[in-house]
Amino acid sequence: MLDKSYEPQKNESLIYKKWEENKCFKPHSDFDKNFAGENYTIIMPPPNITGQLHIGHALNNTTQDFLIRYKRMKGYNTLWIPGTDHASIATEVKIIEALKKEGLTKEMLGREKFLERAWLWNDKYGGRIKTQLKSLGCSPDWDRCAFTMDEQRQKSVLHVFKKLYDEGYIYRGEKLINWCPTCKTALSDAEVEHVDEDSSLWYIRYPYEDNSGYLVVATTRPETMFGDVCVAVNPEDERYKDKIGKNVILPIKNKKIPIIADDYVEKDFGTGVVKITPAHDFNDYEVGKRHNFEPIKIMNLDGSMNEECGKFNTLDRYECRKKLVEELKNLNLIEKIEPYRLPKATCYRCHNAVEPMMSKQWFMSMQEMANLGLDALNNGELEIVPNRVEKIYTHWLENIKDWCISRQLWWGHRIPAYYCKDCGNMMVELTKPSKCSKCASTNIEQDSDVLDTWFSSALWPFSTLGYPDDTDDLKKFFPTSTLVTAQDIIFFWVARMVMLSKKIMGKTPFSKVLINGIVRDDEGKKMSKSSNNGVDPIEIIEKYGADSLRLSLLFGNGTGNDFRFSEEKILEDRKFINKVFNSGKFLELVLSQTYETKLDDTKLNIFDKWIYTKLDETIDEINKLVDNLDICQAVNKMYSFVWDDFCNYYLEFTKPYVYSDNQETRANACAILKDVYLNILKLLHPIIPFITENIYSNFTNEMLISQSYAKSIGTFETESQRVEKIISLIQKIRETRLSYNVAPSKKITLVANKNNISDKSLKTVEEAKLVLSKMTNIERVDMVENINSDCIKFVTELGEFYFYKNEVVDTEKEREKINKDIEKIVAEIKLLETRILNPNFVSRAPKELVEKDKSRYEFLLTSKNSLEEKLKELN
RNA sequence: GGGAGAUUAGCGCAGUUGGUAGAGUACCUGCCUUACAAGCAGAGGGUCAUAGGUUCGAGUCCUAUAUCUCCCACCA
């Protein structure tokens, strides 16, 4: 028995348990090695263990679950691999915050104890994420759940690192890198965010060596002048042409530095003179390299100045700036200070300023990798939906620089490089060497750095399948099929997965990438932890059920478009689920009033044939739409099929049969109704799995999740068209009744002219009699020889029909109505005339279209004539 | 500075090869008709941001402009 009303909270967790117990989420091939279905694999973007999932994750995972459930029912050998990400820097920041509340720092704890904390953190939050995914109804294979730091994934990381190191793609060197003085670690370019900030442009006088005046330098960072190695001008700049090669005196330091020429300098900006500080600016680094200057480091890793800065030593860089500018002013070396807005580089995790610093780090050489990534797209091995995102991907790869992969953090994959403390030899090995390969010393220490968290993420498509081991999963499920993810991690993650999969596995890791839009709150702001407008999916699920949330996320949201989340939308969409539930109640009711019989497809009436035709069309369209990853439209199709075709029409059509006095008719009609309804449950299962499973179990002993997808008996063109005509007749009768203000409860007579109606139409009306009386309150259909003025006429696609005037009356209303109708028709006629009277249209437009317009035109003309006649009669 | 997206009914949105503007919700009218008032049946409501262009025909293609949003970026 179904519940009295739809109560999601009652059943969802029980249903989920049942699925899990019956191993419904596992690929068929786990049970049947010879399973013939094509493989369909999705790897879940592993959520960070930093906290809990938000609505954006819910959207992302609902989309994946939709695809997996759909493909599973379509007979594919489906595998969805879940997992979580250790999120090195993000998690470490969180743990440090938590420690701070206890009055602790990570140094006080020490590396080992700190890592213990981190693992505890993972237990807590990783676990919570899994619970959330389960509440949402996600159906990944939990037995294959992966964590970027678990044993197998550590193994993958070690192997890839060593392989790339051995092949020369990974190297160690001292270069200018982005350094976060707050997190005290190196960052990759992708981890730096630019925020516009109000600052100043300082014009500083650098005296010429020969005391012949000043050269004025404009800078946004005066404090870096201690690291200046030269000043640069554009070689074409007439103002300074004769100064090139001369020297200026670097103020305060009183150091002689040369004036050089470099194309990099823009004549029109500032004074056209740039101070060059290679150790603390990326452009300057390049300029310095071109002109063979040794970078001079002037800052410590905590952002304070070093001994190069004389009395400013140990001052924080911003403090130093203040004092330095003061001093320069006193020395009359500041020409002017202009307000200036500049993009400030900040850390994507702690949001504090990032400093370019010279540092010894590990890098991955990216040029060749980037080409692999670009090839994947250009060869058609990879498609990104929506396509416009492909440009973002391409642009990034085309401008890529070597990837700084080492981080001065503790939580992460420790770099497998070992140093001999005696001879300084470096070894990269899978396990710690027992002695130095050069001097045989046993005094060996591992590199203390860990890898960028995105290094392990980049291996996800094959690490989750068991790489480097030669596993069955890897052979069977790699490359995967569809990746569903968000736009903001295209660089961090998607591009790197493509590159490394191609490099390591020789294949593009997935053929399609579906990019979800951003989830916004009901005011249109991006949902994020920092703006504190995030919504916990669990809260919504507890209130409205997981199905309601899922439907709301998938319904009415264009592919890749941003999505505005609101509880109101859930309330609106939830009505659909209620509708599905209630139609199930109806089926239950009628089944209880008859004996059960098998579906006999020789006993289909025209209405049955119509609904099967509609079902067939719907399934076909959904198929195409899902293949194009247009889930929004697919859900739309399901929605209107279920609500409009099935609930509004078919259920009414079939009522005379399921309530028939003839027991056999009843039983047959019920069998058909049941079949159609169960197909609807199959259709909807990927969107709203819980309720459909719940209802399905009420009617069968099987589990819906494991059924094959909806399938129609077939398409019945002629019958279907006849029913379409009946529907338009019904609409016309309803409309006409209403326009004459006939009370809905009043039974009236439908009249047709024997001499003026085709046999076909007559037959159709005959078949529709029962339905018409039920749906339009027509008591009987009169066939008359002659129509007199006691009747009012209306035109339908089945021909002309009439009502008896004395049953509907009210001439004034009628006149109004007719005039209005004529107005409408005339407007449409005019529109059509602009086409069919246009020789260009007739000659150039497709023939079918011209024909269609012409016949429509004829129809409108006769309709208009008959209305005008009627009007005359009234007058 | 560069790039992308958005602009369609009061509201939040859909509209995939150019062919008479769509659903939901709200509002209005009438119905508690034995699945469902979280419902049913109807009605109204749109120069598809603006200006040009291509075309027999443009919400859809092209070119500008405006407003909003996002991404990228080292002009010191």
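Each chain gets a letter, A, B and so on, in the order its sequence line appears, and its residues count up from 1. Keep in mind the model is a prediction, meaning the values are calculated, not measured.
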(Q) OP1 or OP2 of B:C36 versus the side-chain N and O atoms of A:Tyr6: is any pair under 4.0 Å? (A) no

(Q) Please check: side-chain N/O of A:His280 versus main-chain N/O of A:Thr224, any donor-acceptor pairing under 3.5 Å? (A) no

Q. Considering only side-chain heavy atoms of A:Thr220, which listed nucleotide, B:A76, B:C36, B:C74, is closest?
A. B:A76

Q: Kindly say if A:Asn561 contacts the phosphate of B:A14, meaning a side-chain N or O under 4.0 Å from OP1 or OP2.
A: yes

Q. Across the strands shown, which category fits A:Leu651 at heavy-atom distances under 4.0 angstrom: base, sugar-phosphate, nothing?
A. base

Q.
Counting distance alone, no hydrogens or angles: does the base of B:C36 have a donor or acceptor under 3.5 Å from a partner atom on the side chain of A:Lys585?
A. no

Q.
For a quick test of reading the model: is some side-chain N or O of A:Asn648 closer than 4.0 Å to OP1 or OP2 of B:C40?
A. yes

Q. Is there a side-chain polar atom (N or O) of A:Asn777 under 4.0 Å from OP1 or OP2 of B:A41?
A. no

Q: Look at the side-chain N and O atoms of A:Lys579 and state whether any lies under 4.0 Å from the OP1 or OP2 oxygen of B:C40.
A: yes

**Q.** Polar side-chain atom of A:Arg239 near backbone of A:Lys267 as donor-acceptor pair, under 3.5 Å
**A.** yes

Q. Would you say B:G19 has OP1 or OP2 under 4.0 Å from some side-chain N or O of A:Arg835?
A. no

Q: Considering just the side-chain nitrogens and oxygens of A:Trp643, establish if one lies under 4.0 Å of OP1 or OP2 belonging to B:C40.
A: yes

Q: Among B:A35, B:A73, B:A26, find the nucleotide with the atom closest to the side chain of A:Asp196.
A: B:A73

Q.
Please tell me if A:Lys391 has a side-chain N or O lying less than 4.0 Å from either OP1 or OP2 of B:A4.
A. yes

Q. Contact class for A:Gly517 vs. all strands (heavy atom < 4.0 Å): base, sugar-phosphate, or nothing?
A. nothing

Q: Have a look at A:Leu589 and say if it touches a base, only the backbone sugar-phosphate, or nothing, with a 4.0 Å heavy-atom cut-off.
A: sugar-phosphate

Q: May I ask you to verify if any side-chain N or O of A:His395 is less than 4.0 angstrom from the OP1 or OP2 atom of B:A73?
A: no

**Q.** Donor-acceptor under 3.5 Å (A:Asp281 side chain, A:Asp284 main chain)
**A.** yes

Q: State the dot-bracket string of RNA chain B. Criteria: Watson-Crick or G-U wobble, both atom distances under 3.5 angstrom; notation: ( ) intrastrand, [ ] crossing earlier pairs, | interstrand, . unpaired.
A: (((((((..((.(.....[..).))..((((.......))))......(((((..]....))))))))))))....

Q: Without swapping roles, check the side chain of A:Arg734 against the backbone of A:Leu729 for a donor-acceptor pair under 3.5 Å.
A: no

Q | Pairwise C1' distance, B:A6 and B:U60 [rounded to whole Å] | A | 16 Å

